[in-house]
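One structure is given below, encoded as structure tokens.
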Amino acid sequence: MLTNKTEMQRIEERLKDAIIRAAKELWQATIEGSAIQIQKTRREFDGDLTVVVFPLVRIAKCSPEETAALLGAYMEKNLDEISGYNVIKGFLNLGISASYWLQHISAVSGDAQYGIVQPGPDAPVVMVEYSSPNTNKPLHLGHIRNNLLGNSVSRIFEAAGKNVVKVNLVNDRGIHICKSMIAWQLFGNGETPASSGKKGDKLVGDYYVRFDQEYKKQVEALMAAGKDKKEAEESAPIMLGAREMLLKWEADDPEVRKLWETMNGWVYEGFDKTYARMGVSFDKIYYESETYKLGRQLVLKGVDDKVLEKDADGSVWADLTDRKLDRKLLLRSDGTSVYMTQDVGTAHQRFSEYPIEEHIYVVGNEQNYHFQVLSMVIEKLGFDWHDKLYHLSYGMVELPEGKMKSREGKVVDADDLMDEMVATAKQMSDELGKLGDYSEEEKNNIYRQIGLGALKYFILKVDPKKNMLFDPKESIDFNGNTGPFIQYTYARILSVLRSAGAYDQVIPAVSLNEKETDVIRLVHAFPEIVKTAAEEHNPSVIANFMYDLAKAFNQFYHDHSILNVEDADTRLFRIHLSAIVSSVIERGMGLLGIEVPERM
RNA sequence: GGUUCCGUAGCUCAGCUGGAUAGAGCAACAGCCUUCUAAGCUGUAGGUCGAAGGUUCGAAUCCUUCCGGAAUCACCA
């Protein structure tokens, strides 16, 4: 597909170029494009785009009104795309000609890649690490936010022309999984997912909870027997069992390793189902059991190079006091690694394996400090890619009663939530009864699309860095600013297109009404929106745009008939406009990982 | 206590690289289906943008201080 730069060059850029020329001709001044402010004209004024002329007043040496008037006259005379202008205070409102809009629509029509930059084979690699679950418990609402963000950001970067590599670093080792293992050994009676019919991750999660209950009981008993709290916590038999198991794991004890593999296997089977349902996937999965030793050599070399410090007890530290931070431990006195060390190692490995332009970590904001330090440590070690790490930090999902606590079972389970969403979608769909002649299978697929669409949109429309509230009692809406609203707009358009039958592919020249122009303006903005979403690492930019587009289309749809109009050209034009909107919706929702149904 | 982030309508959120009278949705109230899907559209009501200073022709937006909330500051991950 041709990307014809002059053809497709954003109208805003052309205006800027014209203003730069105008400044030269009218005022013999050279100005920077960045000094020019162009914005959408507010609804209450006439025009499409507005130039804020205040910054130009100084070089024009006349009042804002005069400056705007001079510039407006110049623009109208020299740019075909400008159909007229008006000046209100220091604002120059420019009207964009219908022919420009029509020409844009024609260029875009039928372009299944509109708004998307195809990554070339040598496009830079953007690595996105997300999900990164622990293997001791099922996924919950917090993980859903992580996965949806990671998946969507990956798609957005692909659409922005990058080669994206999605990776998952599974935390499959450590004391947490040993806790589930010891509890299973003690109380499991050989239960397996096959024997009890329980999903693997749920089964293992149940034993993690069981461990905690048992542990608390033992601590209480020990305290009742006269031990102080700390002592009791240290000596609870079940905790000692877990610790012993961890040591055996590290010593490659065959029996422990076998149990570990078995139970992790159950968890992965469960996770795979949840991932598949959420619609997320990975190009590569790393396991901490295979990577946790990475980084140690790099740290030891850092000691040799005198950029890191070794204390008398043998522990290794990065001194960050000159960066207004503390000292950070990298190797314990027994020589073992901490999380930070491993992250240094995995990053180093990845940067050696791929020509990475940017490495995005989708991790909650509780680890802001960790990633701040990570990049500093890497810089200390002398790697120039320390500034290519981007922590996509997102806020917590809070329940009305506060933070979720998985050990206490106070969580919104990912599978349960998806079930509920789909069930609600089914209930609503059945009440509306629009799917009468569909098979059960087709219907179920649509319920799934709508339910998950509602959930995904609900989460992705919020700015990632903000904490968000989820109230399980007030189920997620299907009306208003929601995923189903946008899906509905799409389904409606497809319904119209089905009725339209075959139509001419050439878009006729017609005059445009206000609602049509509103819609075209938004379609025109789509590529810029994708770019902004990528720059900001922010899917909510796409989500909010999708809503604006759907809303504008619905207004147009309400006010004007598409198929039942006298004028054949108008009818044809509206069919094309509708088709373009449907395809932008499909693509934009795709960037959010949301499917769109053909009927609903 | 140090650092970082957040505070916009009753609720959930946009707007934040400074620009015109601060926008949506939900909830409330009032309308619109003999015409392409009413999961839609229209209207009413709802705000000292946490507070106070400052910079500016202009501040929800930038700076400072304060108030409120969150996260973090482990030889945990």
Side-chain angles (χ1 to χ4, degrees), chain A residues 34 37 39 41-45 50 52-55 57-58 64 88-91 93 132 134 171 173-176 288 292 311 313-317 324-326 328-340 342-343 364-370 372-373 393 395-396 398 402-403 425 428-429 431-432 434 450 454 458 461-463 465-471 474 476-489 491-500 540-541 543-544 547-548 550-551 553-565 571 574-575 578 599-600:
Chain A
S34 58
Q37 287 184 53
Q39 55 188 323
T41 303
R42 295 180 61 112
R43 287 210 75 76
E44 57 268 37
F45 303 104
T50 294
V52 183
V53 300
F54 292 105
V57 167
R58 201 175 307 137
I88 296 172
K89 295 198 272 183
F91 299 92
N93 301 320
S132 305
N134 290 350
N171 183 0
R173 63 172 281 275
I175 191 73
H176 58 84
E288 288 199 6
Y292 77 105
D311 278 8
D313 64 0
S315 57
V316 176
W317 301 77
K324 287 193 202 158
L325 295 175
D326 218 338
K328 176 71 197 175
L329 180 86
L330 292 172
L331 291 176
R332 299 187 184 98
S333 48
D334 65 4
T336 54
S337 293
V338 292
Y339 194 51
M340 182 70 68
Q342 176 191 257
D343 262 1
N365 63 11
E366 75 262 16
Q367 292 193 32
N368 285 354
Y369 177 75
H370 173 82
Q372 201 186 344
V373 171
S393 163
M396 301 290 103
E398 287 166 355
K403 229 183 135 175
M428 283 191 83
S429 274
E431 277 170 22
L432 292 165
K434 295 181 183 178
I450 296 171
F458 176 81
K461 78 170 176 184
V462 180
D463 186 338
K465 71 170 177 284
K466 292 192 175 177
N467 286 359
M468 60 182 294
L469 184 82
F470 176 79
D471 189 347
E474 293 177 29
I476 292 171
D477 236 304
F478 285 65
N479 299 312
N481 187 355
T482 66
F485 172 90
I486 299 161
Q487 291 173 317
Y488 175 72
T489 307
R492 235 182 184 185
I493 293 174
L494 260 66
S495 171
V496 171
L497 294 178
R498 279 191 297 269
S499 311
S540 78
V541 171
N544 288 307
Y547 177 66
D548 289 341
K551 183 146 183 76
F553 184 85
N554 280 334
Q555 289 174 3
F556 158 69
Y557 179 94
H558 178 265
D559 291 358
H560 306 283
S561 182
I562 296 163
L563 301 176
N564 305 317
V565 281
R571 182 177 186 273
R574 287 179 181 170
I575 290 171
S578 304
R599 286 178 57 180
M600 66 184 276

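Owing to the predicted nature of the structure, the values given are computational and were not obtained by experimental measurement. Order of the sequence lines fixes the chain letters, A, B, ..., with proteins taken first and strands second; residue numbering starts at 1 for each chain.
Across all strands shown, B:rC49 remains unpaired; no Watson-Crick or G-U wobble contact has both distances below 3.5 Å. Across every strand in view, B:rA59 sits unpaired, with no contact that passes the Watson-Crick or G-U test at under 3.5 angstrom. Searching all strands for a Watson-Crick or G-U wobble partner of B:rG40 with both distances below 3.5 Å returns B:rC32. Pair assignment for B:rU17 gives none, since no Watson-Crick or G-U wobble pairing has each distance under 3.5 Å. With a cut-off of 3.5 Å on both Watson-Crick or G-U wobble distances, the partner of B:rG68 is given as B:rC6. The partner of B:rG1 is B:rC73, judged by Watson-Crick or G-U wobble contacts that both fall below 3.5 Å. Across the strands present, B:rA22 finds no partner; the criterion is a Watson-Crick or G-U wobble pair with both atom distances under 3.5 angstrom.
The aromatic ring centroids of A:F556 and A:F553 lie less than 6.0 Å from each other.
Checked against B:rU21, B:rA38, B:rG19, the side chain of A:R42 finds its nearest nucleotide in B:rU21. With B:rC76, B:rA14, B:rU21 as the candidates, the nucleotide lying closest to the side chain of A:R332 is B:rC76. With distances taken from any side-chain atom of A:V338 to the nucleotides B:rA77, B:rA71, B:rC36, the minimum falls on B:rA77. Distances were taken from every side-chain heavy atom of A:V462 (C-beta onward) to each of B:rC5, B:rC75, B:rC13; the shortest belongs to B:rC13. Nearest nucleotide to the side chain of A:D313, out of B:rC73, B:rG25, B:rC75: B:rC75. The nucleotide whose nearest atom lies closest to any side-chain atom of A:N564 is, among B:rU72, B:rA20, B:rC36, B:rC36. Comparing B:rG40, B:rU8, B:rA38 by their closest approach to the side chain of A:K466 singles out B:rU8. Nearest nucleotide to the A:Y488 side chain, out of B:rC41, B:rC36, B:rA38: B:rA38. In the set B:rU42, B:rA14, B:rC36, B:rU42 carries the atom at the smallest distance from any side-chain atom of A:K551. For A:I562, counting side-chain heavy atoms from C-beta on, the closest listed nucleotide (B:rC36, B:rC13, B:rA20) is B:rC36.
Here the separation of B:rG46 from B:rG2, taken at their C1' atoms, is 41 Å to the nearest Å. Straight-line distance between the P atoms of B:rA9 and B:rG23: roughly 14 Å, to the nearest whole Å. On the C1' atoms, B:rG31 is 27 Å away from B:rA14, given to the nearest whole Å. Between the P atoms of B:rC6 and B:rC13, the separation comes to 14 Å (whole Å). B:rC5 and B:rU64 have their P atoms separated by 11 Å, with the value rounded to a whole Å. Annotation: B:rA51 and B:rC67 have their C1' atoms spaced 7 Å apart (nearest Å). The separation of B:rA22 from B:rC49, taken at their P atoms, amounts to 10 Å, rounded to a whole angstrom. Between the P atoms of B:rA20 and B:rG15, the separation comes to 16 Å (whole Å).
Both A:K465 and A:T482 sit near RNA chain B, but only A:K465 has its closest nucleotide nearer the 5' end. Remark on RNA chain B: of its neighbouring residues A:N134 and A:T50, the 5'-side contact belongs to A:T50, judged by nearest-heavy-atom nucleotide.
For B:rA20, its base sits under 3.5 Å from the side chain of A:N93 at one donor and acceptor pair at least. Not a single donor-acceptor contact under 3.5 angstrom links the side-chain atoms of A:S540 to the base of B:rA14. Between the side chain of A:S495 and the base of B:rC36, no donor-acceptor pair of N or O atoms lies under 3.5 Å.
Whole-Å rounding puts the A:D559 CG to B:rC36 C1' distance at 14 Å. Between the P atom of B:rA59 and the CZ atom of A:F54 lies a distance of 12 Å, rounded to the nearest Å. Across the protein-nucleic acid pair, A:Q367 atom CD and B:rA77 atom C1' stand 7 Å apart, rounded to whole Å. A:Q342 places its CD atom 14 Å from the P atom of B:rC76, with the value rounded to the nearest Å. Across the protein-nucleic acid pair, A:H370 atom NE2 and B:rU3 atom P stand 22 Å apart, rounded to whole Å. Atom CG in A:N467 sits roughly 11 Å away from atom P in B:rG7 (whole-Å rounding). For the pair A:D326 CG and B:rU4 C1', the interatomic distance rounds to 16 Å; values are reported in whole Å. Regarding A:L469, its CG atom lies at a distance of 9 Å from the C1' atom of B:rC11, rounded to whole Å.
With a 6.0 Å radius and a threshold of 12 heavy atoms from other residues, nucleotides or ligands, A:R498 has its CZ atom above the threshold.
Contact check, A:N365 against B:rU72: no side-chain N or O comes under 4.0 Å of OP1 or OP2. One finds no side-chain N or O of A:R498 lying less than 4.0 angstrom from the OP1 or OP2 phosphate oxygen of B:rC36.
Contact annotation for A:L563: base contact, defined as any heavy-atom pair under 4.0 Å involving a base atom. When heavy atoms are screened at a 4.0 angstrom cut-off, A:D463 is found touching the sugar-phosphate backbone but no base atom. Among the protein residues, A:Q37 comes within range of the nucleic acid bases, having at least one heavy atom under 4.0 Å from a base atom. Within the nucleic acid shown, A:M468 comes within 4.0 Å of sugar-phosphate atoms alone, with no base atom in reach, counting heavy atoms only. No contact: A:L331 has no heavy atom under 4.0 Å from any strand. Contacts of A:Y547 with the nucleic acid, taken as non-hydrogen atoms under 4.0 Å apart, involve only primed sugar atoms and P, OP1 or OP2.
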Next item on the list: Could you check A:Y557 against A:V496 for side-chain contact (heavy atoms from CB on, under 4.5 Å), going step by step and ending with a plain yes or no?
Entry: CA-CA 10 Å; A:Y557 179 94; A:V496 171; 3.9 Å; yes
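The two residues A:R492 and A:N554 come nearest to each other via the heavy atoms NH1-OD1, 2.9 Å. When every heavy atom of A:E398 is checked against every heavy atom of A:N467, the shortest pair comes out as OE2-ND2, 3.3 Å.
Remark: the backbone N or O of A:S337 is paired with a side-chain donor or acceptor of A:R332 at under 3.5 angstrom. Here the side chain of A:D311 pairs no donor or acceptor atom with the backbone of A:D313 at under 3.5 angstrom.
By the 5.5 angstrom centroid cut-off and the 30-degree plane limit, A:F91 is classified as stacked against the base of B:rA20. With centres under 5.5 Å and a plane angle under 30° as the test, the ring of A:F485 is not stacked against the base of B:rG40.
Under the 4.5 Å side-chain criterion, counting only non-hydrogen atoms from C-beta, A:M468 is in contact with A:F458. Within the 4.5 Å cutoff, the side chain of A:Q487 has no heavy atoms near those of the A:F478 side chain.
In textbook terms, a nucleotide whose glycosidic angle is within 90° of 0 is syn, while B:rC57, being further out, is anti.
Under the 3.5 Å distance criterion, with hydrogens and angles disregarded, no donor-acceptor pair is assigned to the side chains of A:T482 and A:D477.
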